[in-house]
Amino acid sequence: MNVLELVLAMSKPKWATNAEVLMRRNGIQQGDLLEVFGVTTKGAIGHYFNGRREPSLNGLIKLSEFLNISMSQLFGDNISPIELETVTTSLYIAEQQHLTDALKLLARAIDISPDDITVFFNVFEKMGAGNILKAAHILAEADHQSTDKITAVIEIQDFIKQTAS
């Protein structure tokens, strides 16, 4: 697993990563979990799976029952590294596409000249959606771990140097 996949996996709770592997294997979508967590929107489920909000213990118990696994399996290291890497990589690719699509939608919605849009997307393409996301995840992880931004900036600079090599 490369550094980027580790950063992405670290920002996601262990239970969420394991659940996603099992859900993918069984064709279960996050929208199928509304009743399990007792919420009414897929956005709430997304917040749980991305680590932005903590689900209740009762919700996690119901999730393990829904997936037909024990709580120790939900929180454990029982998912194979190959399955984990496949899910992490596909989530990362989807995240890059979401970022690109969001920027395109915003560019259309805001009164920006076609020349400015062209310049922006030329710069965006040179930076790369993956690099932007990597930097954002490093900064988010620094916030999550309450470490200083200087360490995160150094890590981003190291990443940029590795990418340029």
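Both backbone and side-chain heavy atoms feed into the values below; hydrogens, waters and symmetry mates do not. The chain is numbered in sequence order, starting from 1.
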How far does CZ of Phe49 sit from NZ of Lys42, to the nearest 0.5 angstrom? 13.5 Å

When every non-hydrogen atom of Thr100 is compared with those of Ala129, the smallest separation belongs to OG1-CB, 4.0 Å

Are the side chains of Leu99 and Phe124 in contact, using a 4.5 Å heavy-atom criterion? yes

For the hydrophobic clusters of this structure (ILVMFWY residues joined by side-chain heavy atoms under 4.5 Å, transitively), does one cluster hold both Phe121 and Ile110? yes

Hey, any chance Leu33 and Phe75 share a hydrophobic cluster, counting ILVMFWY side chains that come within less than 4.5 Å of each other, even indirectly? yes

Would you say that Arg108 contacts Leu105 through its side chain, given a criterion of any heavy-atom pair below 4.5 Å between the two side chains? yes

Return the minimal non-hydrogen interatomic distance between Phe66 and Asp32, and the atom names on each side. CZ-O, 4.1 Å

Do Leu139 and Ile154 belong to the same hydrophobic cluster, where Ile, Leu, Val, Met, Phe, Trp and Tyr are linked whenever their side-chain heavy atoms lie under 4.5 Å apart, directly or via other members? no

Would the number of heavy atoms belonging to other residues, nucleotides or ligands and lying under 6.0 Å from CD1 of Ile150 be above 12? no

Value rounded to 0.5 Å, distance of CD1 in Ile160 from CE in Met127: 9.5 Å

Rounded to the nearest 0.5 Å, the CG atom of Leu67 sits from the CD atom of Glu20 at a distance of 11.0 Å

Determine the minimum heavy-atom distance between Asn18 and Leu74, stating which atoms define it. ND2-O, 2.9 Å

Closest approach of Ser72 to Ser70 (non-hydrogen atoms, all atoms of both residues): OG-OG, 3.0 Å

Group every Ile, Leu, Val, Met, Phe, Trp and Tyr by side-chain heavy-atom contacts under 4.5 Å, then state whether Ile112 and Phe120 land in the same group. yes

CG (Leu22) and CD1 (Ile69) are apart, to the nearest 0.5 Å, by 5.0 Å

Using the rule that Ile, Leu, Val, Met, Phe, Trp and Tyr join whenever any side-chain heavy atoms are under 4.5 Å apart, tell me whether Leu63 and Leu34 fall into a single cluster. yes

Report, as yes or no, whether the 6.0 Å neighbourhood of atom CG on Asn68 holds more than 12 heavy atoms from other residues, nucleotides or ligands. no

What's the spacing between Asp101 CG and Leu106 CG if we round to 0.5 Å? 11.0 Å

Any idea which heavy atoms bring Arg52 and His47 closest together, and the distance? NE-ND1, 2.8 Å

Taking all heavy atoms of Lys12 and all of Thr17, pick out the closest pair and write down the distance. CD-OG1, 3.3 Å

Starting at CE of Met71, measure out to CD1 of Ile61 and round the result to the nearest 0.5 Å. 5.0 Å

